[in-house]
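Just so it is clear, the values below take in all heavy atoms, side chains as well, and ignore hydrogens, waters and symmetry mates. Because the structure is a prediction, the values reported are computed rather than measured.
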Amino acid sequence: MSDQHPAQDQARQPDNGKPTLWQTIHSILAGLLGVQSSKNRERDFTKGDAGNFIGVYVVLVAALVIGMVVTVNLVLDAAAK
């Protein structure tokens with residue numbers, strides 16, 4: 001059983017109920033992996049701003065692509081030596 005109280009859960013969110021930056025990042029990563037909880041999905045669709053989610057999504061996907069390109073280039077350079 002959890003010892004958390006509903007007041008503690010509300011304290012983690014801003015006064016207007018919108019998801020924080022970390023909650024937005026968590027929701028996007030969970031959605032990309034296909035493990036988003038229905039509670040978080042409901043919060044995102046009812047209280048979240050689509051622009052925030054799109055912006056963070058674009059940044060995360062760009063970082064993923066850049067990371068993959070750098071990794072492949074490092075591996076290819078190492079294999080050529």
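- Interatomic distance, CD of Glu42 versus NZ of Lys47, reported as 10.5 Å (0.5 Å rounding).
- Cluster membership for Leu32 and Val35, using ILVMFWY side-chain heavy atoms within less than 4.5 angstrom, is not shared.
- In this view, Val72 and Leu76 satisfy the side-chain contact (heavy atoms from CB on, under 4.5 Å) rule, not counting sequence neighbours.
- With sequence neighbours excluded, the residues that form a side-chain hydrogen bond (donor to acceptor under 3.5 Å, both in side chains) with Ser37 are Asn40.
- Grouped with Phe45 in a hydrophobic cluster is no other residue, since no side-chain heavy-atom contact under 4.5 Å to another Ile, Leu, Val, Met, Phe, Trp or Tyr is found.
- Put simply, NE2 on His26 and CG on Asp44 are 10.0 Å apart, with the number rounded to the nearest 0.5 Å.
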- Message: Test side chain to side chain contact (heavy atoms under 4.5 Å, CB included) on Arg41 and Ser27; report intermediate values, then the result.
- Response: CA-CA 8 Å; Arg41 184 182 51 81; Ser27 290; over 6 Å; no
Side-chain donor/acceptor pairs under 3.5 Å, residues 48-71, sequence neighbours excluded:
unit_1 : atom_1 : unit_2 : atom_2 : d
Thr71  : OG1    : Gly67  : O      : 2.8

- Between Gln23 and Lys18, is a side chain to side chain contact (heavy atoms under 4.5 Å, CB included) present by the stated rule, with each step listed? CA-CA 9 Å; Gln23 289 172 328; Lys18 290 185 179 180; over 6 Å; no
